[in-house]
Amino acid sequence: RDQMSGQLSGGVALAAVAAGSLFFLRKQRAAKPKPTVTGRCYCGDCRFSITTDKPSFACFCHCKECRRAHGAPLYMVFYVTSENFRYEGKEPKKWLQETMADGKTESKMGIIRTFCKNCGGRFTNEIVVPKEMLLKFDGIDASYPKDMVTLIGAFHSNIWETYDEIPEQFWPSLHLHLGEAIMKPDCLDDGLPQHTRAPSRPDNQCLKNAPPDAKDEK
């Protein structure tokens, strides 16, 4: 009888532990953020998910470094904080670009460009920028706890198949580095501001469609 009672007590305890573990797993699963968008490389080995519907910024980039990395006349990219980005699938190859094509250092941290090891497809960019810079154009919430922000750049072409699938908040709001463009600016009559560099640079000029604040400064 004592042995049976001990077995019964042990069974109850085991059931309680199992129930607790199941509750914990369900809680963890429920707490996991639901992806807003997901993307992949060309072959699908490298994948990612994004859990925010408000990117820090989105743009068309014309700089010679990005054009050479993509083998394209320009490309579309949007950036989110690393907390809202999750790499999935196989790990991509990372290359740290410390200097630009003209030999000048772009930033102390440089830019990390990632590629799929299998198909070679461009996958993401990784940059570190001051929170202060993002606050100037509402690129991050003021409550963000870090002074330096790690941003992950995802490419629209790795997520959506046609332009009409892209949600409005992910659509580029400006053109960058038209001073290095291989396409004629006249070909880009989309109404977006066209900058020779980046708006944060002192040597930048807005060639066309300057935003209201930029017009007021002139």
Side-chain angles (χ1 to χ4, degrees), residues 36-37 39 50 52-82 84-85 97 100-102 104-107 109-111 113 122 124-142 144 148-160 162-218:
T36 299
V37 295
I50 293 171
T52 180
D53 60 0
K54 185 182 178 183
S56 291
F57 68 94
C59 68
F60 291 102
C61 186
H62 297 260
C63 80
K64 52 184 175 291
E65 288 79 19
C66 290
R67 289 192 286 104
R68 192 176 295 276
H70 285 261
L74 79 164
Y75 80 111
M76 299 167 66
V77 61
F78 67 89
Y79 285 86
V80 299
T81 60
S82 57
N84 290 311
F85 187 97
Q97 179 185 337
M100 310 307 276
D102 57 8
K104 297 179 181 178
T105 300
E106 174 69 2
S107 70
M109 299 299 294
I111 178 171
R113 301 186 187 273
R122 284 285 285 113
T124 61
N125 290 341
E126 298 180 14
I127 58 176
V128 179
V129 299
K131 173 184 174 181
E132 181 181 356
M133 186 184 80
L134 294 175
L135 286 173
K136 290 181 179 179
F137 52 88
D138 195 29
I140 198 166
D141 192 271
Y144 189 81
M148 298 299 292
V149 185
T150 299
L151 295 177
I152 311 296
F155 311 123
H156 296 70
S157 55
N158 285 344
I159 302 172
W160 298 285
T162 61
Y163 72 90
D164 56 352
E165 295 178 355
I166 303 174
E168 183 179 356
Q169 65 270 29
F170 288 96
W171 193 260
S173 60
L174 74 169
H175 290 267
L176 298 181
H177 300 289
L178 273 166
E180 304 175 15
I182 199 170
M183 295 178 65
K184 292 183 178 180
D186 293 344
C187 298
L188 307 169
D189 191 16
D190 54 11
L192 297 178
Q194 299 181 7
H195 297 272
T196 57
R197 298 295 298 258
S200 59
R201 293 178 178 271
D203 57 344
N204 174 66
Q205 292 182 348
C206 191
L207 300 176
K208 193 175 182 180
N209 305 320
D213 56 341
K215 292 178 181 178
D216 293 342
E217 293 174 1
K218 292 184 178 180

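Source: prediction; values computed, not measured. Side-chain atoms are counted along with the backbone in the values below, which use heavy atoms only and exclude waters and symmetry mates.
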From CA spacing to verdict: side chain to side chain contact (heavy atoms under 4.5 Å, CB included), L151, T81: CA-CA 5 Å; L151 295 177; T81 60; 4.1 Å; yes
Nearest heavy-atom pair of I111 and I127: which atoms, and what distance? CG1-CG2, 3.6 Å
Among E126, E65, Q97, H70, which residue meets the side-chain hydrogen bond (donor to acceptor under 3.5 Å, both in side chains) test with R113? Q97
Looking only at the side chains, is there a donor atom on one of H175 and N209 sitting less than 3.5 Å from an acceptor on the other? no
Pair L188, K208 - check side chain to side chain contact (heavy atoms under 4.5 Å, CB included), show working. CA-CA 10 Å; L188 307 169; K208 193 175 182 180; over 6 Å; no
Hey, could you give me the SG/CG distance between C63 and L178, rounded to the nearest 0.5 Å? 11.0 Å
Closest heavy-atom pair and its distance - G139, S56: O-OG, 2.8 Å
F60/D190 under side chain to side chain contact (heavy atoms under 4.5 Å, CB included): CA gap, chis, key distance, verdict: CA-CA 11 Å; F60 291 102; D190 54 11; 4.1 Å; yes
Quick one: SG on C61 to NE2 on H195, what's the gap to the nearest 0.5 Å? 12.5 Å
How long is the gap from SG on C59 to OH on Y75, to the nearest 0.5 Å? 6.5 Å
Closest heavy-atom contact between S173 and L192? O-CD2, 3.7 Å
Residue pair A198 / N204: nearest heavy atoms and the distance that separates them: O-CB, 3.2 Å
Which heavy atom in D141 sits nearest to a heavy atom in K131, and how many Å separate them? O-CE, 4.1 Å
If we only count heavy atoms from C-beta on, is the P130 to M148 side-chain gap below 4.5 Å? yes
Is any side-chain heavy atom of S157 closer than 4.5 Å to one of M76? no
For Q169, is the CD atom crowded, meaning more than 12 foreign heavy atoms sit under 6.0 Å from it? yes
Under 4.5 Å between any side-chain heavy atoms of I159 and F78, yes or no? yes
Work out which heavy atom in L174 is nearest to a heavy atom in P199; give both atom names and the distance. CD1-CG, 3.7 Å
When rounded to the nearest 0.5 angstrom, what distance separates CD in Q194 from CG in L176? 11.0 Å
Is any side-chain heavy atom of P172 closer than 4.5 Å to one of H156? yes
Is the backbone N or O of K64 less than 3.5 Å from a side-chain atom of E180, with the two atoms forming a donor-acceptor pair by type? yes
Apply side chain to side chain contact (heavy atoms under 4.5 Å, CB included) to L134 and Y144, showing your working. CA-CA 11 Å; L134 294 175; Y144 189 81; over 6 Å; no
pair R67-M183: side-chain heavy atoms closer than 4.5 Å: no
Run through N125, T124, T150 and flag the one making a side-chain hydrogen bond (donor to acceptor under 3.5 Å, both in side chains) with Y79. N125
Relative to the ring of W160, is the ring of F170 parallel (under 30°), tilted (30 to 60°) or perpendicular (over 60°)? tilted
State plainly whether the residues D138 and K54 are in salt-bridge range, i.e. N to O under 4.0 Å. yes
